[in-house]
Enquirer: 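Please see the structure below; I have some questions.
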Amino acid sequence: MIRPILKFGEAPLHVRAVEVGELTPEIQKLIDDMIETMYAAPGIGLAAPQIGVSLRIFVIDLSLGHKPTDLMVFINPEFIELEGMQLEEEGCLSVPGFNATVARPMRAVVRGLDRTGTLRTVAGTDLLARAFQHEMDHLDGKLFLDRVRGIKRDLIVKKIRKMARAGKW
Ligand SMILES: [Zn+2]
């Protein structure tokens with residue numbers, strides 16, 4: 001089932017999500033919905049808080065569904081390595097219409113459970129490393145905008161608030 005994606009300003013996007021306990025049928029259904037919602041958007045990643053569920057789960061597929069082996073599901077993920085630096089333009093399904101340059105480590109190694117409950121460790125560089133960090137930020141109640149400083153961030157937030165007042169956000 002495709003679920004509505006929350007936007008900047010809605011509470012679940014701005015609080016820390018909690019660890020998943022057991023991998024119940026409800027959690028499996030949630031993961032199915034997350035994958036379906038990500039593909040429908042379309043997006044290369046989605047975190048549970050973006051559909052209003054404050055749990056530590058994210059899904060990523062850089063191929064947008066074209067290569068089944070690219071689909072990754074991480075439950076209770078953590079970084080075991082972060083290194084280097086990259087500076088790239090970034091956007092988010094929860095902040096539609098806005099992009100900004102964000103500095104992030106170039107390489108990230110993430111460890112977490114997959115949907116079968118198996119502990120997996122995956123290393124990524126470039127876009128994959130960026131996607132890992134972007135989605136992990138969602139689990140900590142952070143959006144890419146929170147990593148943009150100064151005037152650029154203020155400008156985007158101001159525009160969003162104006163759109164919200166006009167009922168267009
Ligand atoms: Zn996002």
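The first residue in the sequence is number 1, and the count goes up from there. Side-chain atoms are counted along with the backbone in the values below, which use heavy atoms only and exclude waters and symmetry mates. First listed ligand is number 1; within each ligand, the first listed atom is number 1.
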Enquirer: Check L23 against I75 and note the closest heavy-atom contact, atom names and distance.
Expert: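 That would be CD2-CD1, 3.7 Å.
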Enquirer: For the Zn ion (ligand 1), which protein N/O/S atoms are closer than 2.8 Å?
Expert: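 Only C92 SG, H134 NE2, H138 NE2 fall inside 2.8 Å of the Zn ion (ligand 1).
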Enquirer: R3: which residues meet the salt bridge (charged side-chain N to carboxylate O under 4.0 Å, His left out) condition with it, sequence neighbours left out?
Expert: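 R3 satisfies salt bridge (charged side-chain N to carboxylate O under 4.0 Å, His left out) with D33 once adjacent residues are dropped.
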Enquirer: Mind checking whether F8 and H14 have parallel, tilted or perpendicular rings, split at 30° and 60°?
Expert: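 Correct class here is perpendicular.
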Enquirer: Test side chain to side chain contact (heavy atoms under 4.5 Å, CB included) on F132 and M72 and set out the steps.
Expert: CA-CA 10 Å; F132 283 155; M72 286 181 248; 4.0 Å; yes
Enquirer: Among R107, Q86, E83, which residue meets the side chain to side chain contact (heavy atoms under 4.5 Å, CB included) test with T125?
Expert: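 The residue from R107, Q86, E83 that satisfies side chain to side chain contact (heavy atoms under 4.5 Å, CB included) with T125 turns out to be R107.
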Enquirer: If you draw a 6.0 Å radius around NZ in K29, do more than 12 non-hydrogen atoms from other residues or ligands fall strictly inside?
Expert: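 More than 12 heavy atoms, drawn from other residues, nucleotides or ligands, come within 6.0 Å of this atom.
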